[in-house]
Protein chains: 2
Amino acid sequence: MRRPTIMDIAKAAGVSKGAVSYALNGRPGVSESTRERILTIANDLGWAPSNPARALAPGGRVGAIGMVVDRPARSLGIEPFFMQLVSGVETELSDQGVDLMLQVAEDVEAELAVYRRWAAERRVDGVVMVDLRVSDPRPEMMGVLPLPAVLLGGPEGAGGLPCLYTDDGVPMREVVHYLAAMGHRRIVRVAGPEDFVHTHSRTEAFRQAAERSGLLQARTVHADYTGEAGSRTTRRLLAEAEPPTALVYDNDLMALAGLGVAAEMGIEVPSQLSIVAWDDSALCQMVRPSLTAVSRDVVSHGRRVASMLNAVLTGQRVESEETLPGELRPRGSTGPLVV
Amino acid sequence: MRRPTIMDIAKAAGVSKGAVSYALNGRPGVSESTRERILTIANDLGWAPSNPARALAPGGRVGAIGMVVDRPARSLGIEPFFMQLVSGVETELSDQGVDLMLQVAEDVEAELAVYRRWAAERRVDGVVMVDLRVSDPRPEMMGVLPLPAVLLGGPEGAGGLPCLYTDDGVPMREVVHYLAAMGHRRIVRVAGPEDFVHTHSRTEAFRQAAERSGLLQARTVHADYTGEAGSRTTRRLLAEAEPPTALVYDNDLMALAGLGVAAEMGIEVPSQLSIVAWDDSALCQMVRPSLTAVSRDVVSHGRRVASMLNAVLTGQRVESEETLPGELRPRGSTGPLVV
DNA sequence: TTGAAAGCGCTACCAA
DNA sequence: TTGGTAGCGCTTTCAA
């Protein structure tokens, strides 16, 4: 059986297509009585708007937004961050009857290609971007492409895109002071890729907090968020002549890997080594010792950024917003140094 | 600037819209020379087909397929299975210029509602379904809905849907015999939800293998794939008067949680307790001891199931296929019982 | 308030 | 081989 169209409804109701469209979209132009009649018939017929037709009509929207993720494929599966974000984005979207297109890209170039294609083929109405990089080509491109975008990150380097940003300085200071207060002096941060903007700002916050606490040996090394890199880096650090007594990781995956390496090397956590994770997924509470972590509400970030994009798409003026700062959740993996 | 349309190309080339359409879609009806000229112009103009227009045209396809996932939201983020699957599905799809719509649903009812909406609004050309349940309402519904579907799972209960299925009996026997050979007698399997078909068939395989090995005390208990459930269940089992000496988990998340509980209870792995995980994500190699796991190539499953759906969408006759059986990867979490 | 009609960009059919 | 044209289902403008 053919899908019913507004024409079918119009015939059944004995009115014109136009009237049906008005009635269905709740806009003036039909009397209350006809509107009601039309609605009933539409319902009886099991009518639903054809999305392609809606999108094609002048001024029409596609009713979908896109998200492309480019991170090492190996880490993607386990990285809790994205699914949480997706889940938050969707919660907001489904209220508006908007769908989510997801793409995994190899690198920034591929990501740009996806945006270009989406814009050219009119696949989505807008996109949510994450993982802003230092001198990221995306904001500039979005200025050219007819593809509205909002950014989770920034605001530095956002190039005028509305963004939802976080001040990692607050939790970073909290972490450093907490570790310093417990007597840690040699603290190393295992950060994400150097060219991420948020990596950068965390590095700066870490440096300042360490300086203020007089931790001259504090430093940051870079890895790529994968467990493998986390393991490798941790192994190298713990094998140094004067190994760190506390490690601060930029995500929970690397922290988990670090915990594994400590166990493998016979270094006890937390009596000989304290570990702090960033991003507090359920993973952190599942391992032993449980991981002290900086917790932020990623699902809510997803919701908010989706709502911002939605505002942009409905033609509203959208200001960048700041999230609540992450919070330190002390657990079993941190403690005073036992000499 | 307006997006260029085939009409623009037609004007520039001095031919008709129809000719342009033929040329662009590589079908007969134009001479080689005009085709080439049209292609060049299209390229120069930066033309790309409007997806809504294509979809709306008679016989047109939307160029997107959908996937809806309903599992507890908490586990979703960490569950490596889905992102790996998504990643595989996309690899296959992007070759065909097809996009992926992703939705997270609360329960089967919500999932069905999504399919209904997608079909009614013509949002996707077809769907990939996962997590087949005992007396699952989805296959039957797909028979009614004009929405092609393929299933990762089955083949029992697939209700005629083409499916990509796995015989978990092979690896299950391998696991049980391996544990039995190392002297384990009290083996408990911490399974996924009881109403999943694959849970069911694994349970049966487990029962048979245990019986054959003379393991009278082997049994299956159910949890819901989340770390929390994994912890709780493990804690309960290990607190029994005659606790199991080996635990086989249905996913790696619960296995990880189980490992944590063992540590928390001072039970040493593997000397006092062996742990086997199902689904071998990078997580298994990151913890200490590393987790023995049944490994299957989820990414490749994703690719294959996407390719099957694609075949269905192009009107080909598609037969169900069987995947390679999972393989046991022995690691640090299993070993002979030390009494 | 209602009805008729013109697009939106593309595909596919039918004459020429 | 070509060009013209009729939809696809919807929104919106313009008359009636």
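As a basis for the values below, the full set of heavy atoms in this structure was taken, side chains included, without hydrogen atoms, waters or symmetry mates. Numbered from 1 within each chain, the chains take letters A, B, ... in sequence-line order.
Heavy-atom contacts from other residues, nucleotides or ligands closer than 6.0 Å to CD of E36(B) number 12 or fewer.
At the heavy-atom level, G18(A) lies under 4.0 Å from base atoms of the strands shown. Within the nucleic acid shown, S50(B) comes within 4.0 Å of sugar-phosphate atoms alone, with no base atom in reach, counting heavy atoms only. Residue contacts shown for R35(B) are absent, as no nucleic acid heavy atom lies under 4.0 Å away. Within the 4.0 angstrom heavy-atom criterion, only backbone atoms of the sugar-phosphate kind lie near P49(B); the bases stay farther away.
Atom CG of N51(B) is separated from atom C1' of dG9(C) by 11 Å (rounded to the nearest Å). Distance D8(A) CG to dG7(D) P: 15 Å, rounded to the nearest Å. To the nearest angstrom, P of dT11(C) lies 12 Å from CD1 of I38(B). If you measure from atom CZ of R27(A) to atom C1' of dC10(D), you get 12 Å, rounded to the nearest angstrom. As rounded to whole Å, 11 Å separates atom P of dG9(D) from atom NZ of K11(A). Between M7(A) atom CE and dC8(D) atom C1' there is a gap of 14 Å when expressed in whole angstrom units. N25(A) has its CG atom 9 Å from the C1' atom of dC10(D), to the nearest Å. The distance between atom CZ of R3(A) and atom P of dC10(D), rounded to the nearest whole Å, is 7 Å.
For the side-chain contact (heavy atoms from CB on, under 4.5 Å) criterion with L309(B), the lone passing option out of V98(B), I65(B), L151(B) is I65(B). Of the residues listed (D44(B), T40(B), I38(B), L39(B)), the one engaging I9(B) in a side-chain contact (heavy atoms from CB on, under 4.5 Å) is I38(B), and it is the only one.
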Problem - D136(B) and V197(B): CA distance, side-chain angles, deciding distance, side-chain contact (heavy atoms from CB on, under 4.5 Å) verdict - result: CA-CA 9 Å; D136(B) 196 304; V197(B) 166; over 6 Å; no

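For P58(A), taking side-chain heavy atoms from C-beta onward, the closest of the listed nucleotides dT12(D), dG7(C), dG9(D) is dG7(C). You'll find that the side chain of V30(A) is closest to dT2(C), out of dT2(C), dA5(C), dG9(C). For K17(B), the side-chain atoms get nearest to dC10(C) when compared with the rest of dG7(C), dC10(C), dT1(C). Here dT1(D) is the nucleotide among dT12(D), dG7(D), dT1(D) with the atom lying nearest to any side-chain atom of S31(B). Comparing dT1(D), dC10(C), dG3(D) against the side chain of I6(B) picks out dC10(C) as the nearest. Considering only side-chain atoms of R54(B), the nucleotide from dT1(C), dT11(C), dA4(C) that sits closest is dT11(C). Side-chain proximity of L56(A) to dG9(D), dT11(D), dC10(C): nearest is dG9(D).
Nearest-nucleotide positions on DNA chain C for T34(A) and A53(A) put T34(A) closer to the 5' end. Position along DNA chain C of the nearest nucleotide to Y22(B) versus P52(B) favours P52(B) as the more 5'-ward residue.
Here side-chain hydrogen bond (donor to acceptor under 3.5 Å, both in side chains) pairs that include residues 109-122 of chain A, with residues two or more places apart or in two chains, are E111(A)-Y115(A), E111(A)-R138(A), R117(A)-E121(A), R117(A)-D99(B), W118(A)-D99(B), E121(A)-R123(A).
The existence of a salt bridge linking D8(A) and R3(A) is excluded, since no basic side-chain nitrogen approaches an acidic carboxylate oxygen closer than 4.0 Å.
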